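For clarity, every value in this text was computed on a predicted model and none was experimentally measured. Lettering of chains follows the sequences in order, A, B, ..., and the numbering in each one begins at 1.
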There are 2 protein chains.
Amino acid sequence: MTTQTLTRNQGLVLDVLSHSQSPLSAYTILDKLRDSGFRAPLQVYRALDKLLEFGLVHRLESINAFVACAHPDEDCHAHGITAFTICETCGKVTEFHDHVIEDRLKGFARDRNFKTGKTTIEIRGTCAGCA
Amino acid sequence: MTTQTLTRNQGLVLDVLSHSQSPLSAYTILDKLRDSGFRAPLQVYRALDKLLEFGLVHRLESINAFVACAHPDEDCHAHGITAFTICETCGKVTEFHDHVIEDRLKGFARDRNFKTGKTTIEIRGTCAGCA
DNA sequence: CAATTGATGTAATAACATTACATTCCAATT
DNA sequence: AATTGGAATGTAATGTTATTACATCAATTG
């Protein structure tokens, strides 16, 4: 998935997220794109839905915000479960993948015949720089 | 922490959650407690804050809802990180603890001098009964 | 060209959560 | 018994996040 294949709105939203140092809410994105012609939340949410589907953006469930994927060139979905640390002071987000954790979670689900959909792993706390 | 020490509002909210087969939103709880005198969201949120603090209730970040803890007699906080499976069809929630996952997450954080606060692990999908 | 599909624009509303401020309750101390 | 300080409560208003509904537009394809 390259930037080429994105629509104008999707490209604008991804651009805003990519240049942000911290996660942004949908409404913050909307405000940043007013000058580009955005008028309503739905324009943002629709673009975000596609970017999430493409694996170019992640949703942080615990803070209702969105971040650009740290490695958009690869297919982030292919890496399996993505986990995050989220600094509550500066907003810095670090993305990581741990196959051991993934295996344990999948094992737990399999043992109970639970069909796994989207999995969320988010650690909120304080990053090294803010400690 | 026994039920004895709860205030009236806290007890009412916990009671509603304890008798529910699935997670409830704060506003659903409010509706269920109108007859008991609840009038405003804040009454629910304040009770929930305390119940969360006591470890009697969990917040499911990915669906903005709350559940009673599966083992309220023990101190759930003491068990470390709590993980959940959440059935998107019937709402059934299963709570579990995995020390391997916990160690991996703590190790990752420690390696980066990230001071861990609250950690969220939620698997959304379909339970055995709904598959 | 008609039909289909995906994207967009706009307005309205729903769902979730907090701020601000006044009041009440209750236990501890005087 | 009165005082007082902290926790809990009541109420209104507002702020924040997300969706529904409906009309339109653009590209593709049969």
Side-chain angles (χ1 to χ4, degrees), chain A residues 1-17 20 22-54 56-67 86 88 91 118 120 122 124, chain B residues 1-17 20 22-54 56-67 86 88 91 118 120 122 124:
Chain A
M1 175 59 55
T2 68
T3 302
Q4 312 286 18
T5 71
L6 298 179
T7 65
R8 169 179 159 83
N9 285 4
Q10 291 160 16
L12 287 167
V13 168
L14 180 57
D15 196 55
V16 165
L17 283 175
S20 173
S22 55
L24 300 177
S25 75
Y27 279 76
T28 302
I29 295 169
L30 174 57
D31 286 342
K32 289 181 181 295
L33 289 176
R34 298 252 181 223
D35 292 345
S36 303
F38 274 46
R39 307 283 302 281
L42 194 50
Q43 295 175 292
V44 177
Y45 283 110
R46 284 202 277 229
L48 286 171
D49 282 346
K50 285 297 179 184
L51 295 169
L52 289 166
E53 182 184 323
F54 299 155
L56 296 174
V57 161
H58 299 291
R59 176 188 174 83
L60 301 174
E61 306 283 357
S62 65
I63 60 172
N64 295 327
F66 302 85
V67 280
I86 305 168
E88 292 177 316
K118 186 168 186 304
T120 297
E122 298 175 13
R124 290 178 309 294
Chain B
M1 174 58 55
T2 67
T3 302
Q4 313 286 18
T5 72
L6 299 179
T7 65
R8 169 179 159 83
N9 284 4
Q10 291 160 16
L12 288 167
V13 169
L14 180 57
D15 196 56
V16 165
L17 282 175
S20 173
S22 55
L24 300 177
S25 75
Y27 278 76
T28 301
I29 296 169
L30 175 57
D31 286 341
K32 289 181 182 295
L33 289 175
R34 298 250 182 225
D35 292 346
S36 303
F38 274 47
R39 307 282 302 279
L42 194 49
Q43 294 175 292
V44 177
Y45 283 110
R46 285 202 276 228
L48 286 171
D49 282 346
K50 286 297 178 185
L51 294 170
L52 289 166
E53 182 184 323
F54 298 155
L56 296 175
V57 162
H58 298 291
R59 175 188 175 83
L60 301 175
E61 307 283 358
S62 65
I63 59 171
N64 294 328
F66 302 84
V67 282
I86 305 169
E88 292 177 318
K118 185 167 187 305
T120 297
E122 298 175 13
R124 293 182 302 297

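- In this structure, A:Asn64 atom CG and C:dT18 atom C1' are separated by 14 Å, rounded to whole Å.
- Whole-Å rounding puts the A:Leu6 CG to C:dT8 C1' distance at 16 Å.
- With sequence neighbours excluded, no residue forms a side chain to side chain donor-acceptor pair (under 3.5 Å) with B:Ser20.
- B:Asp31 places its CG atom 11 Å from the P atom of C:dC16, with the value rounded to the nearest Å.
- OP1 or OP2 of C:dT8 sits under 4.0 Å from a side-chain N or O of A:Thr7.
- Rounding to whole angstrom units, CZ of residue A:Arg39 and C1' of C:dT8 are separated by 13 Å.
- Rounded to whole Å, atom C1' of C:dA15 lies 13 Å from atom CG of B:Leu30.
- Rounded to the nearest 0.5 angstrom, B:Ile86 CD1 and B:Ile63 CD1 are separated by 4.5 Å.
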Distance-only donor-acceptor pairs under 3.5 Å for side chains of residues 22-32 of chain B, two or more places apart:
residue : atom : partner : partner atom : Å
B:Ser25 : OG   : B:Tyr27 : N            : 3.4
B:Ser25 : OG   : B:Thr28 : N            : 3.1
B:Ser25 : OG   : B:Thr28 : OG1          : 2.9
B:Asp31 : OD1  : B:Arg34 : NE           : 3.4
B:Asp31 : OD1  : B:Arg34 : NH2          : 3.4

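- When all heavy atoms of A:Thr120 and A:Lys118 are compared, the pair lying nearest together is OG1-NZ, 4.1 Å.
- Put simply, chain A comes within 4.0 Å of DNA chain D, heavy atom to any atom, from D:dT17 to D:dA21, going 5' to 3'.
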Please list, one pair per line, the donor and acceptor atoms closer than 3.5 Å that link side chains of residues 37-54 of chain A to other protein atoms, with sequence neighbours excluded.
residue : atom : partner : partner atom : Å
A:Gln43 : OE1  : A:Arg39 : N            : 2.6
A:Gln43 : OE1  : A:Ala40 : N            : 2.9

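- Under the salt bridge (charged side-chain N to carboxylate O under 4.0 Å, His left out) criterion, B:Arg59 pairs with B:Glu61, sequence neighbours left out.
- Each of B:Pro41 and B:Gln10 lies near DNA chain D, and the nucleotide nearest B:Gln10 is the one positioned closer to the 5' end.
- The CG atom of A:Leu60 sits 5.0 Å away from the CD atom of A:Glu122 when rounded to the nearest 0.5 Å.
- Using a 4.0 Å cutoff on non-hydrogen atoms, the parts of residues 42-51 of chain B near DNA chain C are B:Leu42, B:Tyr45, ordered by number.
- In this structure A:Arg8 satisfies the side chain to side chain contact (heavy atoms under 4.5 Å, CB included) test together with A:Leu12, A:Ser36, sequence neighbours excluded.
- For the pair A:Val57/A:Val13, no side-chain contact is recorded, criterion being any heavy-atom separation below 4.5 Å from C-beta on.
- Comparing A:Gly37 and A:Tyr27, the nucleotide of DNA chain C nearest to each residue sits closer to the 5' end for A:Gly37.
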